[in-house]
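What follows is a short report on a single structure.
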Amino acid sequence: MVIRCGSFALDAARTGTRTDVHATSLQDDGGWDVPVDVRLAFSGAPAAEWVGSLVKRLRPEAQRWVGDESVRWPRSTVMPHALRAALPEPTTHLTMTVLLDYLDVSTTIDLFGLDLRPDAEAPSPTAERDWILSRAVSTGPGKISLR
């Protein structure tokens, strides 16, 4: 399964074109027109605002299924309390990783292309990096395997 997060550009040679799940936030403008099986839009906004934003962004026939309100803001439901306290606005990739980990969907979760440098553009790159690396069983160039 290939999950792409946020705004992304498909590059057949570098990243391939397969996209099964698009996990995004309502602040991201890209990727909404890429055909996917599942589209998840994360937001801490009130439900009515979230629905209104979805209606504006969703493209007809670009997805088979759209996440409902039960997966609207995993930060408030499945994210560990300490991580929640450190990250009022977690990145989409961390939110998706926490959700996958919580749902226990696979024996291995491989993350590709994450920028975990301390100066990366994230609300709290250190908290995100620490949580991901605390679950890593192996790391390599451009790849982190969890579990």
Side-chain angles (χ1 to χ4, degrees), residues 1-45 50 53-54 56-147:
M1 173 182 298
V2 176
I3 301 170
R4 298 189 191 269
C5 295
S7 296
F8 62 90
L10 295 175
D11 179 341
R14 284 189 39 242
T15 63
T17 59
R18 178 178 168 179
T19 306
D20 300 302
V21 178
H22 176 213
T24 190
S25 76
L26 297 179
Q27 288 76 37
D28 291 320
D29 291 326
W32 291 89
D33 56 344
V34 175
V36 296
D37 290 326
V38 178
R39 193 165 322 275
L40 301 173
F42 302 130
S43 174
W50 174 75
S53 291
L54 272 181
K56 291 177 187 173
R57 287 177 169 77
L58 290 173
R59 303 293 181 258
E61 301 182 23
Q63 55 279 314
R64 291 184 188 190
W65 186 83
V66 177
D68 64 14
E69 192 172 342
S70 68
V71 292
R72 169 175 68 91
W73 195 227
R75 181 197 174 274
S76 66
T77 55
V78 301
M79 192 170 281
H81 180 71
L83 193 55
R84 215 180 312 162
L87 297 167
E89 293 284 332
T91 61
T92 301
H93 73 262
L94 180 71
T95 301
M96 189 69 225
T97 303
V98 169
L99 186 60
L100 289 170
D101 186 59
Y102 175 81
L103 293 174
D104 196 23
V105 297
S106 180
T107 56
T108 302
I109 299 170
D110 291 330
L111 307 174
F112 293 92
L114 291 182
D115 186 357
L116 296 178
R117 295 171 297 158
D119 62 340
E121 290 186 29
S124 179
T126 302
E128 292 200 9
R129 183 185 68 241
D130 290 351
W131 188 87
I132 288 171
L133 292 179
S134 73
R135 282 150 183 76
V137 293
S138 67
T139 60
K143 177 182 174 184
I144 301 169
S145 294
L146 308 182
R147 298 185 170 210

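The analysis underlying the following values was restricted to heavy atoms, covering all of them including side chains, and did not include hydrogens, waters or symmetry mates.
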Original post:
So how far is it from Leu26 CG to Arg57 CZ, rounded to the nearest 0.5 Å?
Top reply: 5.5 Å
Original post:
Who passes salt bridge (charged side-chain N to carboxylate O under 4.0 Å, His left out) against Arg84, sequence neighbours left out?
Top reply: none
**OP:** Identify the heavy atoms of Ser7 and Gly30 that sit nearest to each other, and give their distance.
**Re:** OG-N, 2.9 Å
Original post:
Taking only residues two or more places apart in sequence or in another chain, which ones pass salt bridge (charged side-chain N to carboxylate O under 4.0 Å, His left out) with Glu61?
Top reply: none
Original post:
Which atoms form the tightest heavy-atom contact between Arg39 and Val34, and what is the distance?
Top reply: NH2-O, 2.9 Å
Original post:
What side chain to side chain donor-acceptor pair (under 3.5 Å) pairs are there with at least one residue in residues 136-147, not counting sequence neighbours?
Top reply: Asp101-Arg147, Asp104-Arg147, Asp110-Ser145
Original post:
Has the side chain of Ser134 got a donor or acceptor atom that lies under 3.5 Å from a matching backbone atom of Trp131?
Top reply: yes
Subject >> Contacts of type salt bridge (charged side-chain N to carboxylate O under 4.0 Å, His left out), residue Arg59, not counting sequence neighbours >> reply: none
Original post:
Short question: side chain of Arg75, backbone of Leu87 - any donor-acceptor pair under 3.5 Å?
Top reply: yes
Subject >> Positive for side chain to side chain contact (heavy atoms under 4.5 Å, CB included) with Leu100, one of Val21, Val105, Leu111 >> reply: Val105
Original post:
Rounded to the nearest 0.5 Å, how far apart are CE of Met96 and CG of Leu94?
Top reply: 11.5 Å
Original post:
Is the side chain of Trp32 donor-acceptor paired with the backbone N or O of Thr24 at a distance under 3.5 Å, no angle test?
Top reply: no
**OP:** Using side-chain hydrogen bond (donor to acceptor under 3.5 Å, both in side chains) as the criterion, list what pairs up with Thr108, not counting sequence neighbours.
**Re:** none
Original post:
What's the shortest heavy-atom distance between Asp28 and Gly6, and which atoms?
Top reply: OD2-CA, 3.2 Å
Original post:
How long is the span from the OG1 atom in Thr107 to the CG atom in Leu146, to the nearest 0.5 Å?
Top reply: 11.5 Å
**OP:** Could you tell me whether a side-chain N or O of Asp20 sits under 3.5 Å from a main-chain N or O of Ile3, the two making a donor and an acceptor?
**Re:** no
**OP:** Could you list the residues that satisfy ring-ring contact (aromatic ring centres under 6.0 Å, His included) with Phe8, not counting sequence neighbours?
**Re:** His22
Original post:
Which pair of heavy atoms, one from Val98 and one from Pro80, lies closest together, and at what distance?
Top reply: CG1-CD, 4.2 Å
Original post:
So, for Arg18 and Arg4, which heavy atoms are closest and what is the spacing to 0.1 Å?
Top reply: O-NH2, 2.9 Å
Original post:
Rounded to the nearest 0.5 Å, how far does OG1 of Thr77 lie from OH of Tyr102?
Top reply: 7.5 Å
**OP:** Would you name the heavy atoms of Trp73 and Pro88 that are closest together and state the gap between them?
**Re:** CZ2-O, 3.9 Å
Subject >> Value rounded to 0.5 Å, distance of CD1 in Ile144 from CD1 in Ile109 >> reply: 12.0 Å
Original post:
Say you draw a straight line from CE of Met79 to OG1 of Thr97; how long is it, rounded to the nearest 0.5 Å?
Top reply: 9.0 Å
